[in-house]
Every structure is written in structure tokens, then in C-alpha cells.
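I am attaching a structure below and will ask some questions about it afterwards.
In this chain, residues are counted from 1 in sequence order. The figures here come from the full heavy-atom set of this structure, side chains too, leaving out hydrogens, waters and symmetry mates. Owing to the predicted nature of the structure, the values given are computational and were not obtained by experimental measurement.
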Amino acid sequence: MESFISKIATLAENCHCGNHHPITIEKITVGNEILKDAVRYIGEKNYQKVKIIVDNHTFQAAGKELANQLERADIPFSTCYILPDENQDIIADERALVQVLLESSKETDVMVAVGAGTIHDIVRFCSTKMGIPFISIPTAPSVDGFTSMGAPLIVRGEKKTFQMSSPIAIFADLTVLKNAPRKMIAAGFGDMIAKFTSLADWKFGHLVGGEPYCKAAAQITRDALNASVKNVEKIKKGDEEGIQILIESLIASGLAMLLFGHSHPASAGEHHLSHYWEMEFLRQKRAAVLHGAKVGIAASILAKIYKSEFLPFICNGMEGIDENLYIKIKEHKEEIKAVYEQIPDSILLRKWVEQLGGETHPEQLGIENDLVIKGLNEAHKLRDRFTALKFLNEIVKIRREFASEIL
């Protein structure tokens, strides 16, 4: 993966968008027995007060072995076990953030995130606020946020993303990742196929809404997406080759966000839907649902809506819309059509996820039809991004009432 950072640098050199941010990750290693490399790296950096952040599950998956190896290397460390909520879920909220900060002394010189997306979000925030670096050790190929700067947190019940810091190094052990629950592997794939809608929405927001855009970040994301889709059968097997393809795709997607400085390459209408559902679950004090599972389903829903509502409107006159908006869309009509036509049919998206043993319909995640409809009508308000969903809701003024028309 170090060569991939070089590849990104080359792509960035040939892109003159003016939106690039420096990639400060020093080392990315994917392979077997990688925890030894992590300890060696910590020793080389001469860290003397290491804080390992885990939960009970991720401690068993990788934290325990990491602690053993740090002990053998005579590197001082302590461990913070993040406490679950009443549903036994680990949530990136105020309670978790305060717990980590309280358990970390001012002498702590590095944090190590051992876990999946939520633990990384917590550590990314806390390490940045403490002014110290953090190291990433994923325990499941479930999200694309390992290498990004964005930390999606729940603050007073609302989902907000804070721009913090990326890790200085990532060590992805394939032995650990292969043993992740199948649902988490399916969720990682769901997070990848969500790039079909996010990339289309990003291009639309750029062409029509004037949002910043980066060809290099878009290409990195699309290459990662294509690698995952092309190798769905290998990922389905859950063997070393398939898991390596998936985790490297997720890491690459995170690097694209890091290069651009924001989540635009990998987060649009489908993530807004997912965040809306998540906040409603929190309000009802219901058990959390895997992020990748939600965005994969949201992407399949939007794939159908974009093809059945958005494209026909764009292609058939665009009656009743603002003149300036009409002119912009007409000017870029063919390019807009092309990016949305590239989104696979929703049936195919669901088929891929189903092959991996993941959920394919909202009700399988406990998301009722009424919540689906509310999300489709309101989720676009969560972020100030000009997505096709926002266009349909605020410009075309489509108001949905029945889930049977969509699902």
C-alpha cells in the first residue's frame, strides 16, 4: 500500500483542481502477522506512553495480542475499554469521548485505535484534541473511514462530522480481518457500493451546485469501487485474497477523502439517508445497525429513485425550475446523464450484497417503511450538499408517501 500513496501523489500532480490536502500517513501495511510490524513501528518512533483503545470484542480480536507484543518489547502502555450503551453498542458520542479523555494522561504520546469504524472515530477526535498522533489497527473490513480525517460523532443526539486528523500509520492484519463477522464484511462491501451514488451526486453537485471537485479523488474512489465489484466472488469466499481486496479498497476510498479534505468522494445522498435512520434509532434508544449495511441499502433505494425520477425529469424538459438552474443543467445534461446511468440497477446492487450474506432491504435492519419515507423526504437537510435527492425534494418538489412505490 505504500506504493499506492505514491500513485495518489502522481494522480494529484496531474490534477489541478486546487483542492488537494497533504497525506500525512507515514506507513500503510496490509498482510499477515502485521501486529509485529505495528509494535516495531511504535518502538522506532520511541513512544513511551501508549494508549490502546478497544472494546471487549476488539480486545479479543487484536488488542490482546498487541498488548502482549508491546509487553514483550518493553514498551509502556495502558488500555482503555470503551463502555457500551444500554443496548451493548459502542457509540461515538459524548460519553465515549469523555471516557477516553479521562483515562488518557497528559503524558500519553500516541493512541492506537483497535477496532472498526466507531472506535476509529472516537480515537480520531480524542487524539486530535490532545495534540497527539494515532495509529490504526482495523479489526474488520467494514468501513472506509480508517484513513480519513472525518470523525462522524453523535452530539446531543445529532450526527455531525468533525474534521480531525488521519492516522500516522495503519496496520491491517489479514488474519484478524478474515475472522471478522460475516455481517461486517458484507457491511464493508455495502460501504463500497455506496460509491456508485456518492460519485454521481458529487459530480452533479459540482456541475450544477458549484461544489468543489477533484478528478484525482474521484478516480481513486472509482478504481477502489471497481476493484470491489469485480472481485465480489473472491470477497464472498472470505479468504485472504478477497479480504485483502476489500480492505485495500476501503483504505483507498479513505485516502481519496483525505486527499480532498472532505467526504464528498464517498458520501452523498445515501449517507444522508443512513445518518437520518441512525439518529432516529438513537432517539428511540434502539440497538445500532452497521453503517455499511445502512448505506448499502440506501444506495440501492436511491439507485431506483435516481433512475425512475431524476433521470426522466432531466431528460424530459425540466418544466417549472429556476431559469439559471435550467441553463446549468442543460449545459451539462449529457455528462449528468452519463454519471447517473452508470449506477447499476438496484436489483443488482442488492444481489451483490446478498451474495455476501448482508441485508438488502430496510425492514431486515428494523427500518420501518414510515422511516424510509421520512428519510427520503427529509434526510437531504442533514448536509449542505447539492445531491440529486435534494434536487428532487427541493426543486422538483417530489413528496413521497408510500414505500411500496420505492422499495
Side-chain angles (χ1 to χ4, degrees), residues 1-9 21-45 47 50-54 58 61-63 65-66 69-70 110-128 132-152 164-180 184-185 188 191-192 217 220-221 224 227-228 240 243-260 263 265-266 291-292:
M1 291 295 288
E2 275 83 357
S3 62
F4 191 78
I5 295 180
S6 299
K7 179 184 175 183
I8 289 177
H21 290 70
I23 294 178
T24 56
I25 300 176
E26 299 174 356
K27 192 174 187 64
I28 301 177
T29 306
V30 179
N32 291 301
E33 298 187 358
I34 296 303
L35 295 181
K36 293 179 181 178
D37 291 349
V39 172
R40 189 178 305 115
Y41 176 80
I42 291 170
E44 291 170 354
K45 300 289 284 188
Y47 292 126
V50 180
K51 176 64 73 172
I52 303 173
I53 314 298
V54 296
T58 64
E65 178 59 25
L66 176 66
Q69 295 205 30
L70 285 170
V110 67
M111 287 186 175
V112 184
V114 181
T118 301
I119 285 179
H120 277 72
D121 294 333
I122 294 167
V123 173
R124 181 176 288 108
F125 181 89
C126 293
S127 64
T128 303
I132 59 176
F134 86 95
I135 294 168
S136 163
I137 298 182
T139 55
S142 55
V143 293
D144 66 356
F146 298 117
T147 53
S148 72
M149 292 189 300
M164 293 288 126
S165 302
S166 61
I168 58 169
I170 179 169
F171 297 91
D173 193 308
L174 293 176
T175 303
V176 172
L177 298 175
K178 283 191 303 182
N179 290 324
M184 298 192 80
I185 295 171
D191 207 8
M192 286 309 306
I220 294 163
T221 306
S228 294
E240 186 173 300
I243 296 303
Q244 182 166 355
I245 290 168
L246 180 57
I247 189 62
E248 289 185 350
S249 296
L250 292 164
I251 289 172
S253 177
L255 289 172
M257 290 187 278
L258 187 58
L259 174 66
F260 186 64
S263 63
H291 169 78

- Message: Could you tell me if the side chain of I132 sits less than 4.5 Å from the side chain of V110, heavy atoms only?
- Response: no

- Item | Any side-chain heavy-atom pair of S136 and T147 under 4.5 Å |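 The answer is no; the side chains never approach within 4.5 Å.
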
- Can a salt bridge be assigned to the pair K45 and E26 using a cut-off of 4.0 Å between side-chain N and carboxylate O?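 Between E26 and K45 there is a salt bridge, with a charged N closer than 4.0 Å to a carboxylate O.
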
- Query: So, the side chain of T128 versus the backbone of S165: is there a donor-acceptor pair under 3.5 Å, distance only?
  - Reply: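 Pair found, side chain donor or acceptor close to backbone of S165.
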
- Task: Rounded to the nearest 0.5 Å, what's the gap from CD1 on I34 to CD1 on I28? Could you check?
- Result: 12.5 Å

- Task: List in chain and number order the residues that pass salt bridge (charged side-chain N to carboxylate O under 4.0 Å, His left out) with K178, two or more places apart in sequence or in another chain; answer none if no residue qualifies.
- Result: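 None.
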
- Query: So which heavy atom on D144 is nearest to which on S253, and how close?
  - Reply: OD2-OG, 3.0 Å

- Please test M149 against L258 for side chain to side chain contact (heavy atoms under 4.5 Å, CB included), starting from the C-alpha separation and ending with a verdict. CA-CA 6 Å; M149 292 189 300; L258 187 58; 3.2 Å; yes

- Decide side-chain hydrogen bond (donor to acceptor under 3.5 Å, both in side chains) for Q244 and E240; before the verdict, give the C-alpha distance in whole Å, the side-chain angles of both, and the deciding distance to 0.1 Å. CA-CA 6 Å; Q244 182 166 355; E240 186 173 300; over 6 Å; no

- Task: Show your working on side chain to side chain contact (heavy atoms under 4.5 Å, CB included) between I137 and V176 and close with a plain yes or no.
- Result: CA-CA 10 Å; I137 298 182; V176 172; over 6 Å; no

- Separation between CD1 (I122) and CE (M111), nearest 0.5 Å, reads 11.0 Å

- Message: Test of understanding: with side-chain contact (heavy atoms from CB on, under 4.5 Å), list the residues that count as partners of E65, not counting sequence neighbours.
- Response: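 side-chain contact (heavy atoms from CB on, under 4.5 Å) check on E65 returns L35, N68, Q69, R72.
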
- Distance (rounded to the nearest 0.5 Å) between I23 CD1 and L259 CG: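 I23 CD1 to L259 CG: 5.0 Å, rounded to 0.5 Å.
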
- Query: Which value, rounded to the nearest 0.5 Å, describes the distance between I135 atom CD1 and I25 atom CD1?
  - Reply: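 One finds 12.0 Å between CD1 of I135 and CD1 of I25.
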
- Query: So, the side chain of R124 versus the backbone of P167: is there a donor-acceptor pair under 3.5 Å, distance only?
  - Reply: no

- Message: Quick check against the 3.5 Å criterion: does T175 have a side-chain atom that pairs as donor or acceptor with the backbone of N32?
- Response: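 No, the answer is negative, given that no donor and acceptor are paired below the 3.5 Å cut-off.
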
- Task: Please report the closest heavy-atom contact between L66 and V114, naming both atoms and the distance.
- Result: CD2-CG2, 3.9 Å

- Without swapping roles, check the side chain of T221 against the backbone of A217 for a donor-acceptor pair under 3.5 Å. yes

- Query: So which heavy atom on G117 is nearest to which on V143, and how close?
  - Reply: CA-CG2, 3.6 Å

- Message: Let me confirm one number: the OG-CD distance from S228 to E248, rounded to the nearest 0.5 Å.
- Response: 10.5 Å

- Apply side chain to side chain contact (heavy atoms under 4.5 Å, CB included) to the pair Y41 and I168, showing each step before the final yes or no. CA-CA 11 Å; Y41 176 80; I168 58 169; 3.5 Å; yes

- Can you see which heavy atom on I247 is nearest to which on V30, and at what distance? CG2-CG1, 4.0 Å

- Item | Spacing of CZ belonging to F146 relative to CD1 belonging to I119, to within rounding of 0.5 Å |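 The CZ atom of F146 sits 10.0 Å away from the CD1 atom of I119.
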
- Task: Heavy atoms only: give me the nearest G115-T58 pair and the separation to one decimal.
- Result: CA-CG2, 3.5 Å

- Minimum heavy-atom distance between T24 and S166, given as atom pair plus value: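 Taking every non-hydrogen atom into account, OG1-OG, 3.4 Å.
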
